[in-house]
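Single-structure report; data block below.
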Amino acid sequence: MPTFYRLLGFLRPYKRGLIISWALASGAMIMTVLVPLLMGHAVETINMGASKHSAAARAHDRHTLELLAGGLLAVTLLRWGLMYARRMIAGRVSLGLEYDLRHLLYGHLQRLELGFFDHQQTGQLMSRATVDLAAVRFFLGYGLVFIMQSALTIVLAGIAMLAINPKLGLISLAPVPFVVVIAERYGKRARPAIQEVQQRIGELTADVEENISGVRVVKAFAREPRQLERFRNSVSRVFDQSMVATRLEATFNPIIGFLPQLGLAAVLLVGGNDVVHSNLTLGQFTSFYFYLNMLIAPMRSLGVTLGLAQRATASGARIFQLLDREPRLTEPPNAPTLPAGNGHVQLRGVTLRYEGSPEFGSPEPQADRARAVLRDIDLDVPAGRTIALVGATGSGKTSLVSLIPRLYDPSAGQVLLDGADVRRVSVSSLRSAIAVVSDDPFLFSATVAENIAYARPEAPLPEIEAAARAAQAYEFIERLPEGFQTRVGERGQTLSGGQRQRLAIARALLANPRVLILDDATSSVDSTTERSIKLALAEAMEGRTTLVIAHRLSTIALADEIVVLDRGEIVAQGDHHELLEVSELYREIVEKGLPEHVFMTRETREREVSGI
């Protein structure tokens with residue numbers, strides 16, 4: 001129930017629309033209740049008129065029937081108008097709720113730190129933002145009004161029946177308490193079953209998203225049968241759990257629908273006997289019969305309505321699991337902007353532990369299970385210097401550079417940029433001063449120009465073109481069907497890996513950052529293109545602090561200083577010649593881990609930068 005009450009809180013901004021919708025629904029129900037009353041009077045008039053023989057009496061009865069028919073038509077038209085207005089207002093409330101929920105959910109996802117997404121399935125998040133949200137929206141927008149409408153119908157029909165004949169009214173309403181009890185039991189048993197269905201639908205969505213995203217790998221290894229089998233298993237899990245929920249519905253709904261029929265049978269027996277013995281007129285019995293049928297319909301649909309309520313509650317619980325996950329990377333209230341500077345980077349006694357963030361519903365991991373990926377890092381990078389980070393895979397290079405734009409926070413120590421602790425300044429001002437180019441660049445499904453100008457959407461086309469030239473991307477862009485206005489496919493899949501990386505470098509250069517981070521940014525380009533990009537980067541790095549994660553000697557040659565990491569610690573620091581003399585690990589990396597032929601073909605500018 002707490003989840004249900006929280007869901008009702010989303011209706012506060014739409015209180016006025018909801019009240020109007022309920023008022024219109026009430027008016028429509030009052031019109032509906034008048035129909036059996038008019039029908040009963042019509043039957044009574046016909047029955048009485050059949051026994052009259054004078055022309056005047058028959059003319060009077062005909063006039064009465066005409067008035068009743070006109071009243072019935074007016075009531076029906078008014079009911080139609082009220083229902084139309086109610087549906088329009090309810091639709092507006094429902095769509096407004098959907099807009100608010102989507103905005104709230106997406107905004108919350110944007111505030112969560114990167115570490116949260118490292119451990120969550122994209123498909124599960126998508127399921128919460130689509131399937132679960134739609135279930136909540138439909139119930140709050142339509143289901144609640146339908147419940148109120150059904151309850152009002154039962155009350156008004158019950159009052160009318162009691163007014164016509166108290167004995168028959170009590171007989172008709174006798175099944176209602178039993179229906180309420182059975183409906184409550186159904187709700188308690190259905191809620192966990194439906195919540196598990198929603199969870200498995202989320203797992204299915206995650207499998208589909210993963211399969212589509214990795215379709216190139218699937219086809220490259222001809223693993224379509226395996227993926228299809230995985231998909232069948234996910235679908236089977238959804239089917240099996242849906243059958244559990246369906247079995248509950250099949251058990252309880254017929255009972256809920258059957259109980260009112262007992263009241264109908266009793267009314268036909270007792271009421272028919274009263275008509276035969278003149279204790280009840282035929283018109284009254286007709287009205288009573290119509291009222292009873294009016295009462296049966298909402299009671300019969302109670303199971304469906306409860307199903308909507310349980311599905312909305314289960315979906316709401318999944319949405320609240322996400323909304324209740326507080327961001328762990330926050331900035332102080334009224335945080336100042338990053339002070340002016342040239343990009344002086346300092347790391348003081350930095351230790352970083354990745355504390356696993358389990359799937360929703362799992363217990364939080366114990367602190368002793370967190371693994372340290374960086375230990376007691378002290379590093380000073382003066383403004384304008386270029387530092388190359390080298391080390392074996394998993395030595396902590398990417399983790400180290402991720403601390404500077406505050407993608408993660410250190411478990412201990414400080415990260416300073418131009419003298420300011422990155423945790424004390426606004427995140428937006430910090431990240432606008434830093435540009436990152438990763439080894440697997442992400443491009444949006446937009447034009448080439450829009451991807452390059454992502455950090456500066458207002459940048460004019462000449463600046464975009466200049467950044468593309470600096471990144472050695474201008475020539476291939478001009479060869480595209482529509483040049484800079486060519487739309488790239490999802491994640492840039494219509495481009496080669498080298499083309500994507502050059503666009504990512506152009507995007508970083510256009511941002512004009514104080515600090516440039518290159519995470520193996522030339523790993524997907526050929527040697528000739530790499531040399532061109534290196535020369536362009538050498539110019540772009542001039543006077544700008546740059547941290548380069550390098551796996552090629554030609555990349556290391558661009559650095560003023562080299563930092564060697566091993567198992568999360570800095571084990572050596574210096575230039576190429578110094579490290580060859582003092583660091584056995586660096587010698588091993590040079591001899592075994594770096595393509596010597598690339599180093600031997602570097603240009604004169606690279607020789608000068610490297611000092612080798």
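Note that these values count all heavy atoms, side chains included, but never hydrogens, waters or copies made by symmetry.
Side-chain contact between L510 and Y454 is absent, with no heavy atoms from C-beta onward closer than 4.5 Å. You'll find the side chain of L403 reaches within 4.5 Å of the side chain of V350, heavy atoms only. In this structure, V564 and I570 have side chains that are not in contact, with every pair of non-hydrogen atoms separated by 4.5 Å or more. Between I377 and L400, some side-chain heavy-atom pair lies under the 4.5 Å cut-off. Proximity of L11 to L97: side-chain heavy atoms (C-beta onward) are separated by under 4.5 Å at one or more points. At least one side-chain heavy atom of R507 sits less than 4.5 Å from a side-chain heavy atom of L443. Looking at heavy atoms from C-beta onward, I319 lies in side-chain contact with L133 at the 4.5 angstrom threshold. Counting heavy atoms from C-beta on, the side chains of D132 and T130 never come closer than 4.5 Å.
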Next on the checklist: Determine whether L389 and V548 satisfy the following criterion, side-chain contact (heavy atoms from CB on, under 4.5 Å), listing intermediate values before the conclusion.
Outcome noted: CA-CA 6 Å; L389 302 175; V548 182; over 6 Å; no

Checklist entry - Could you go step by step and tell me if R6 and D324 meet the salt bridge (Lys or Arg N to Asp or Glu O under 4.0 Å) rule? => result CA-CA 12 Å; R6 286 186 68 180; D324 291 342; 3.0 Å; yes

Next on the checklist: Determine whether S429 and S426 satisfy the following criterion, side chain to side chain donor-acceptor pair (under 3.5 Å), listing intermediate values before the conclusion.
Outcome noted: CA-CA 6 Å; S429 68; S426 70; 2.7 Å; yes

Checklist entry - Are R423 and D409 close enough, and set up right, to give a salt bridge (Lys or Arg N to Asp or Glu O under 4.0 Å), and what steps lead you there? => result CA-CA 8 Å; R423 289 175 292 190; D409 274 342; 5.1 Å; no

Item to check | Stepwise side-chain contact (heavy atoms from CB on, under 4.5 Å) test for T486 and T447 | outcome: CA-CA 5 Å; T486 302; T447 66; over 6 Å; no

Checklist entry - Could you walk me through whether N451 and V488 pass the side-chain contact (heavy atoms from CB on, under 4.5 Å) check? => result CA-CA 9 Å; N451 271 288; V488 301; 3.7 Å; yes

Item to check | Step-by-step ring pair (Phe, Tyr, Trp, His ring centres under 6.0 Å) determination, Y474 to F484 | outcome: CA-CA 9 Å; Y474 187 84; F484 280 84; 5.8 Å; yes

Checklist entry - What do the steps show when you test L518 against V436 for side-chain contact (heavy atoms from CB on, under 4.5 Å), and what is the final call? => result CA-CA 6 Å; L518 305 174; V436 181; over 6 Å; no

For a quick test of your reading: what N or O donor-acceptor pairs under 3.5 Å do the side chains of residues 337-349 make, sequence neighbours left out?
{"from": "H344", "atom 1": "NE2", "to": "D380", "atom 2": "OD1", "distance (Å)": "2.8"}

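Contacts classified as salt bridge (charged side-chain N to carboxylate O under 4.0 Å, His left out) and involving residues 386-398 (residues at least two apart or in different chains) are not found. Pairs engaging residues 561-572 under the side chain to side chain donor-acceptor pair (under 3.5 Å) rule: E561-Q573 [sequence neighbours left out]. Residues in residues 99-112 take part in these salt bridge (charged side-chain N to carboxylate O under 4.0 Å, His left out) pairs, two or more places apart or across chains: E98-R102.
Put simply, the side chain of E578 gets close to the backbone of D575: a donor and an acceptor are under 3.5 Å apart. At distances below 3.5 Å, at least one donor-acceptor pair connects side-chain atoms of R128 with backbone N or O atoms of R318. Here the side chain of R431 pairs a donor or acceptor atom with the backbone of R406 at under 3.5 angstrom. The main-chain N or O of R325 is found under 3.5 Å from a side-chain atom of H108 such that the two form a donor-acceptor pair. At distances below 3.5 Å, at least one donor-acceptor pair connects side-chain atoms of R500 with backbone N or O atoms of L495. Proximity of a side-chain donor or acceptor of R487 to a complementary backbone N or O of S445 within less than 3.5 Å is detected. The backbone N or O of V373 lies less than 3.5 Å from no partner atom in the side chain of R353, so there is not a single donor-acceptor pair. Checked by atom type and distance alone, the side chain of T351 pairs as donor or acceptor with a backbone atom of D376 at under 3.5 Å. One N or O on the side chain of S234 and one on the backbone of R230 form a donor-acceptor pair closer than 3.5 Å. When atom types are taken as modelled, the side chain of Q241 and the backbone of V238 share no donor-acceptor pair closer than 3.5 angstrom.
For the pair R328 and F116, the cation-pi test (distance below 6.0 Å, angle within 45°) is failed.
The two residues L329 and L407 have their closest heavy-atom pair at CD1-O, 3.8 Å. Nearest heavy-atom pair across V448 and G483 is CG2-O, 4.2 Å. Here the closest heavy-atom approach between residue L352 and residue S399 is recorded as CD2-CB, 3.9 Å. Shown here for R544 and T386, the closest heavy-atom pair between the two residues is O-OG1, 4.5 Å. Here the closest heavy-atom approach between residue A383 and residue T545 is recorded as CA-OG1, 3.3 Å. The minimum heavy-atom distance between I452 and A468, with the atom names listed, is CD1-CB, 4.2 Å.
Within a 6.0 Å sphere centred on CZ of F320, heavy atoms belonging to other residues, nucleotides or ligands number more than 12. In the displayed structure, E584 atom CD is contacted under 6.0 Å by at most 12 heavy atoms of other residues, nucleotides or ligands. Annotation for F442: atom CZ counts as buried by contact number, over 12 foreign heavy atoms lying within 6.0 Å. The number of heavy-atom neighbours closer than 6.0 Å to CD of E475, taken from other residues, nucleotides and ligands shown, is 12 or below.
Residues satisfying the side-chain contact (heavy atoms from CB on, under 4.5 Å) criterion with L580, sequence neighbours excluded, are H576, Y586, R587, V590. With sequence neighbours excluded, the residues forming a side-chain contact (heavy atoms from CB on, under 4.5 Å) with E224 are V218, K219, A222, listed by chain and number.
To the nearest 0.5 Å, atoms CG (L7) and CZ (R137) are separated by 14.0 Å. Atoms CG and CZ, on D207 and R200 in that order, are 13.0 Å from each other to the nearest 0.5 Å. Atom CZ of F10 is separated from atom CG of L101 by 5.0 Å, given to the nearest 0.5 angstrom. From L105, atom CG reaches atom CG of L125 across 8.5 Å, with rounding to the nearest 0.5 Å. Considering CG of L8 and OG1 of T3, their distance stands at 11.0 Å, rounded to 0.5 Å. Separation of atoms CG (L374) and OG (S411) is listed at 9.0 Å; rounding is to 0.5 Å.
If you check the side chains of D519 and S438, you find no donor sitting under 3.5 Å from an acceptor.
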